[in-house]
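First the structure, in the form of structure tokens, and then the observations on it.
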Amino acid sequence: MSGSGRVRTTRARSRPRLAAGLLDAPVRQTANVVALALLDAVIAERTRLPDGSSALHGFRVALRRLRSWLRAFRPWLHDSRHGRTRHALAALADASNHARDTEVSLAWLQAQRDLPPPSRRELSRLVHRLRHELRSATRRFDEQLSLEFNPVVDDLEQELVAHPGDSLRPERENPPTRSVHAALIRTQAADLAAALRRVRTVDDEAFAHRARIAGKRLRYLLEPLIGNPEARQAVRRLIRLQDALGELHDACVLIERLHLVHPALAQRMSARTARAFARVERGWLGVKTKDLRAALVRVGDGARGRDKVS
């Protein structure tokens, strides 16, 4: 049992679904129902963390889904602690970043085997150091999680309990979820397009990273529309975009480290970075950005209509 008295179960391992009932419901009700389901998914992933790297990834994704939902529906959710809960969730996410980046770097380095003997010895030393960094980063994250996870879950559960007065609010203060959700999709599609338009060269990684974050937020907003074929197709497109931008981000993170310790590997990583940017440019920039935004807006407008969602 949590401090709020709600039984913590793993019933919400499947993602919440925005079927017609929730889309027709007032937004304050739907926002709370989905947020609690996403919180259950985070709790379930927390129990798997000792299982290894895939568990860390699962926890981070579940936490991102929850934080994205809370951020998007912030005006419609009770926030009795003035944002402290959201800041605490962000701190937990940030605490896992070093472990994740080190993990990705280590995996790439361990795959670099076709090197001359002197370079292999340098690589071996670098891998040894990164393994030590990963153990230290993981230990620090585990310690922070042990101290902070249950309190922040308790706080969030208490914030998300139903408030009897919500159902009595006038519609202008509690509109149907459909209209709010469609407007959010349109706004976030514009944010994604604006970020992508700033990505012009391989050196624009900061803007590419912003686009990656915007794409994730939009993807998590669309995922509950699983009864909408256009939404499923849009999610698949956003996953491909996320993969392309993620490859570019990971390459840029590692190349900064390699320039200091291993020029030969840094050159190899520079080539990977160039290939990653070419993939982004070919698939997502220029006119492709306009096409993507238009498709996403259509999904939002379609989800507003009852006949589009099962």
Side-chain angles (χ1 to χ4, degrees), residues 15-20 22-23 27 34 38 60-61 64-65 67-69 71-74 176-253 271-310:
R15 296 173 195 166
R17 178 179 181 181
L18 276 179
L22 282 179
L23 283 169
V27 65
V34 174
L38 291 169
R60 283 168 55 85
V61 171
R64 279 200 303 268
R65 285 194 176 101
R67 292 181 60 219
S68 291
W69 185 266
R71 179 182 182 275
F73 287 87
R74 179 177 174 181
T177 303
R178 291 181 186 277
S179 59
V180 175
H181 194 254
L184 286 170
I185 292 173
R186 181 180 289 272
T187 297
Q188 294 194 15
D191 291 345
L192 172 59
L196 284 172
R197 283 195 293 269
R198 301 294 297 273
V199 181
R200 298 186 179 93
T201 73
V202 72
D203 295 323
D204 294 326
E205 200 277 328
F207 295 118
H209 186 57
R210 292 183 194 176
R212 182 176 173 230
I213 293 172
K216 286 179 181 179
R217 288 173 177 166
L218 186 51
R219 168 191 163 192
Y220 300 145
L221 192 63
L222 291 171
E223 280 178 340
L225 294 172
I226 58 175
N228 184 327
E230 291 180 348
R232 290 199 300 271
Q233 182 178 3
V235 167
R236 287 194 290 268
R237 290 182 72 178
L238 289 171
I239 289 173
R240 292 195 297 272
L241 171 62
Q242 179 182 328
D243 289 344
L245 292 171
E247 183 180 1
L248 179 61
H249 172 73
D250 292 341
C252 290
V253 168
R272 178 188 170 187
T273 304
R275 291 193 299 272
F277 176 77
R279 180 185 172 193
V280 172
E281 185 177 36
R282 183 170 58 250
W284 307 103
L285 302 186
V287 67
K288 299 291 183 65
T289 298
K290 295 181 180 178
D291 292 344
L292 177 62
R293 179 181 178 181
L296 292 168
V297 169
R298 285 195 301 271
V299 172
D301 291 345
R304 197 193 300 261
R306 297 172 188 269
D307 60 331
K308 289 291 186 179
V309 180
S310 63

Among pairs that include at least one residue of residues 187-196, which meet side chain to side chain donor-acceptor pair (under 3.5 Å), considering only residues two or more places apart or in two chains?
none
Considering all heavy atoms, the nearest Gly300-Ala182 contact:
O-CB, 3.3 Å
Decide yes or no for Val199 and Thr289: does some side-chain heavy atom of the first lie under 4.5 Å from some side-chain heavy atom of the second?
no
Write down the atom of Leu241, the atom of Leu292, and the distance for their closest heavy-atom approach.
CD2-CD2, 4.1 Å
For Arg279, the side chain to side chain donor-acceptor pair (under 3.5 Å) test, sequence neighbours excluded, returns Glu247
Rounded to the nearest 0.5 Å, what's the gap from CG on Leu245 to CZ on Arg210? Could you check?
13.5 Å
Within-4.5 Å side-chain heavy-atom neighbours: Arg293 and Lys290
no
Is there side-chain contact between Leu218 and Leu184, with at least one heavy-atom pair below 4.5 Å?
no
Nearest non-hydrogen partners of Leu222 and Ala234, listed with the distance
CD1-CB, 4.0 Å
Can you name the side chain to side chain contact (heavy atoms under 4.5 Å, CB included) partners of Ala231, sequence neighbours left out?
Leu225, Asn228, Val299
Are more than 12 heavy atoms from other residues, nucleotides or ligands located less than 6.0 Å from atom CZ of Arg232?
yes
For Val27, does its backbone N or O pair with a side-chain atom of His181 as donor and acceptor, under 3.5 Å?
no
Residue pairs involving residues 275-297 (criterion ring pair (Phe, Tyr, Trp, His ring centres under 6.0 Å); sequence neighbours excluded)
none
Phe73 meets the ring pair (Phe, Tyr, Trp, His ring centres under 6.0 Å) criterion, sequence neighbours left out, with Trp69
Look only at the side chain of Ser179 and the backbone of Pro176, and say whether a donor-acceptor pair between them is shorter than 3.5 Å.
yes
Of all residues at least two apart in sequence or in a different chain, which pass the side chain to side chain donor-acceptor pair (under 3.5 Å) check with Arg60?
Ser96, Asn97
Do Cys252 and Glu205 have side-chain heavy atoms sitting under 4.5 Å apart?
yes
Please name all residues satisfying salt bridge (Lys or Arg N to Asp or Glu O under 4.0 Å) with Arg275, sequence neighbours left out, ordered by chain then number.
none
Could you check if a side-chain atom of Glu281 sits within less than 4.5 angstrom of a side-chain atom of Arg200, using non-hydrogen atoms only?
no
Hits for salt bridge (Lys or Arg N to Asp or Glu O under 4.0 Å) against Asp250, two or more places apart or cross-chain, chain-then-number order -> Arg100
Atom CZ in Arg178, atom CG in Leu23: separation rounded to 0.5 Å?
4.5 Å
In Å and rounded to the nearest 0.5 Å, what is the CG to CG distance from Asp301 to Leu296?
11.0 Å
Over 12 foreign heavy atoms within 6.0 Å of CZ, Arg71
no
Side chain to side chain, Thr273 and Val202, heavy atoms closer than 4.5 Å
yes
Value rounded to 0.5 Å, distance of CZ in Arg217 from CG in Leu238:
14.0 Å
Enumerate the residue pairs fulfilling ring pair (Phe, Tyr, Trp, His ring centres under 6.0 Å) with a member in residues 211-245, sequence neighbours excluded, ordered by first and then second residue.
none
For the residue pair Arg64 and Arg219, establish whether any side-chain heavy-atom pair is separated by less than 4.5 Å.
no
Would you name the heavy atoms of Arg282 and Lys288 that are closest together and state the gap between them?
O-NZ, 3.2 Å
For residues 182-216, pull every pair meeting ring pair (Phe, Tyr, Trp, His ring centres under 6.0 Å), keeping only residues two or more places apart or in separate chains.
His209-His249
Heavy-atom closest pair, residues Leu192 and Ala214
CA-CB, 3.9 Å
Using the rule given for side chain to side chain contact (heavy atoms under 4.5 Å, CB included), can you reason through Val280 versus Leu285, listing the C-alpha separation, both sets of side-chain angles and the distance that settles it, and then say yes or no?
CA-CA 7 Å; Val280 172; Leu285 302 186; 4.2 Å; yes
Checking Ala295 now: which residues fulfil side chain to side chain contact (heavy atoms under 4.5 Å, CB included) with it, not counting sequence neighbours?
Arg237, Arg298
